[in-house]
Amino acid sequence: MAGISVSESNITRAIMRSALKVLDEYSSVDVAIVGAGPSGMTAAYYLARAGLKTIVLERRFSFGGGIGGAASHLPSIVVEYPASEILGRDFGIRLQDMGDGLFAVDPAEMIAKLAVKAIDAGARFLLGVHVDDVIIRDNPPRVAGLAVYWSTVQMAGVHTDPFFIEARAVIDATGHDAEVAAVTARKNPDLGLTIHGEKSAYASVAEDLVIKYTGKVMEGLYVTGMAVAAAYGLPRMGPIFGSMIMSGKRIAELIINDLRS
Ligand code: 48F
């Protein structure tokens, strides 16, 4: 391989130079999304498409959140209108009409295409990072970014200090535990933020309520997807994903509007 110098130190230097450039560049962003599940990836696509500097922080080394495990490991999930139309039109995901207003989707295709669209629109994903805390500013009180650990460090249970990412808007897309909103409420009781925890299943009601309550919980901090149900004590809906898509799209629209005004 003439002209190619593959030595171990060159491999290391190439990785370090490119990785540190990314971490440097993304130490300050317009929007930091915690969680690469359906709501987080949908939001990432619309935010990046609008030209906002967007990073998605995901604890696992993979995308998709709850999509892959969907309905008890079965290779199918369902969405309803209008999410069905959005998945087909904006993400190129194939849908099978199952009647009763329900459409079946291949979970692997949905994971891949949500991720590809978000990345191609300009969103940057950081995998294997665990968000542990927020940055707070006062006067007026607002969330101004995140404290981040490598997931492996967090799993090892050893103490290191985090690195920080400043953001004009933070989205909690962490799913059923609303981890970012919960830690914000726990560590800063003076803020008066209460996280209620989700209720038992009531799919038809939950789908509408999650979309309706999607939004800002305090300055700088927004919730989408199941984190909305956890934040406001709404029922869960099980393996139907329409509201996750609609919630991700809605939070992107709200933030685009907030950051431009
Ligand atoms: O759970 P998840 O898929 O959240 P979602 O977008 O969608 C929920 C549905 O999958 C399903 C449902 C609705 O039909 O009930 O469960 O609301 O994705 C959340 C992602 O966030 C990551 C987690 O690994 C998952 O991929 N995550 C959670 N906490 C953290 C985190 C954290 N503290 N730091 C980084 N990533």
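Note that this is a predicted model, so its numbers are computed, not measured. Numbering of ligands and ligand atoms starts at 1, following listing order.
Of all protein heavy atoms, the one closest to atom 17 (O) of ligand 1 is Met226 N, 2.8 Å. If you check which protein heavy atom lies closest to atom 9 (C) of ligand 1, you get Phe241 CE2, 3.6 Å. Considering only non-hydrogen protein atoms, atom 24 (O) of ligand 1 sits nearest to Glu58 OE2, 2.7 Å. In this structure, atom 5 (P) of ligand 1 lies nearest to the protein heavy atom Ser39 OG, 3.7 Å. Protein heavy atom at the shortest distance from atom 21 (O) of ligand 1 is Gly35 CA, 3.2 Å. For atom 19 (C) of ligand 1, the closest non-hydrogen atom on the protein side is Ala173 O, 3.4 Å. Nearest to atom 2 (P) of ligand 1 among the protein's heavy atoms is Gly66 N, 3.7 Å. The protein atom (non-hydrogen) at minimum distance from atom 36 (N) of ligand 1 is Arg59 N, 3.1 Å.
The closest non-hydrogen atom to atom 1 (O) of ligand 1, taken over Ala36, Gly128, Ala203, Gly175, comes from Gly175.
Residues Asp30 and Arg168 are paired through a salt bridge, judged by an N-O separation under 4.0 Å between the basic side chain and the carboxylate. Using a 4.0 Å cut-off between charged side-chain N and carboxylate O, Asp133 and Lys187 make a salt bridge.
Residue Val131 places at least one N or O, backbone or side chain, under 3.5 Å from an N or O of ligand 1. For ligand 1, the polar-atom distance check finds no N/O of Met237 at less than 3.5 Å from any of the ligand's N/O atoms.
Considering Leu193, Val228, Thr194 as possible partners of Val217, the one that fulfils the side-chain contact (heavy atoms from CB on, under 4.5 Å) test is Leu193.
Ile240 places a side-chain heavy atom less than 4.5 Å from the side chain of Glu207. Val78 places none of its side-chain heavy atoms less than 4.5 Å from the side chain of Val105. Using a 4.5 Å heavy-atom threshold, the side chains of Met226 and Glu198 count as touching. For the pair Leu57/Ile33, no side-chain contact is recorded, criterion being any heavy-atom separation below 4.5 Å from C-beta on. Side-chain contact between Arg124 and Val56 is absent, with no heavy atoms from C-beta onward closer than 4.5 Å. Counting only heavy atoms from C-beta outward, the side chains of Phe164 and Val148 never approach each other to under 4.5 Å.
Taking a cut-off of under 4.0 Å to the non-hydrogen atoms of Gly238, the atoms of ligand 1 that pass are 13 (C), 14 (O). Close approach to Arg60 involves these atoms of ligand 1, each under 4.0 Å from a residue heavy atom: 24 (O). Numbered from 1 in the order shown, with element, the atoms of ligand 1 that lie under 4.0 Å from a heavy atom of Ile240 read 14 (O). The distance from ligand 1 to the heavy atoms of Gly37 drops below 4.0 Å at these ligand atoms: 3 (O), 6 (O), 18 (O). Those atoms of ligand 1 that come under 4.0 Å of a heavy atom in Gly225, given as number and element, are 17 (O). Interface of Gly65 with ligand 1, defined as ligand atoms under 4.0 Å from a residue heavy atom, comprises 3 (O), 18 (O), 25 (C), 26 (O).
Using a 4.0 Å cutoff on heavy atoms, Asp177 does not count as a contact of ligand 1. Residue contact annotation: His176 has a non-hydrogen atom under 4.0 Å from ligand 1. Assignment of Ser62 to the shell around ligand 1 is not supported, since no heavy atom sits closer than 4.0 Å.
Heavy atoms of Arg236 found under 4.0 angstrom from ligand 1: none, in either backbone or side chain. When non-hydrogen atoms are compared, ligand 1 lies under 4.0 Å from the side chain of Glu179 (C-beta onward) but not from its backbone. Contacts between His130 and ligand 1, counted as non-hydrogen atom pairs separated by less than 4.0 Å, involve both the backbone and the side chain. With a 4.0 Å heavy-atom cut-off, ligand 1 is reached by no atom of Ser243. Counting heavy atoms under 4.0 Å from ligand 1, residue Val34 touches it through the side chain alone.
Aromatic ring orientation, Phe63 versus Phe125: perpendicular (interplanar angle above 60°, classes split at 30° and 60°). The aromatic rings of Tyr213 and Tyr232 are tilted relative to each other, their planes meeting at an angle between 30° and 60°.
Checking side-chain atoms of Lys216 against main-chain N and O of Ile251 turns up no donor-acceptor pair under 3.5 Å.
Between the side chains of Tyr46 and Asp90, at least one donor N or O sits under 3.5 Å from an acceptor N or O.
Ala178 and Ala227 get closest at one heavy-atom pair: CB-O, 3.8 Å.
A cation-pi arrangement, defined by a distance under 6.0 Å to the six-membered ring centre and an angle within 45 degrees of its axis, is absent between Lys113 and Phe91.
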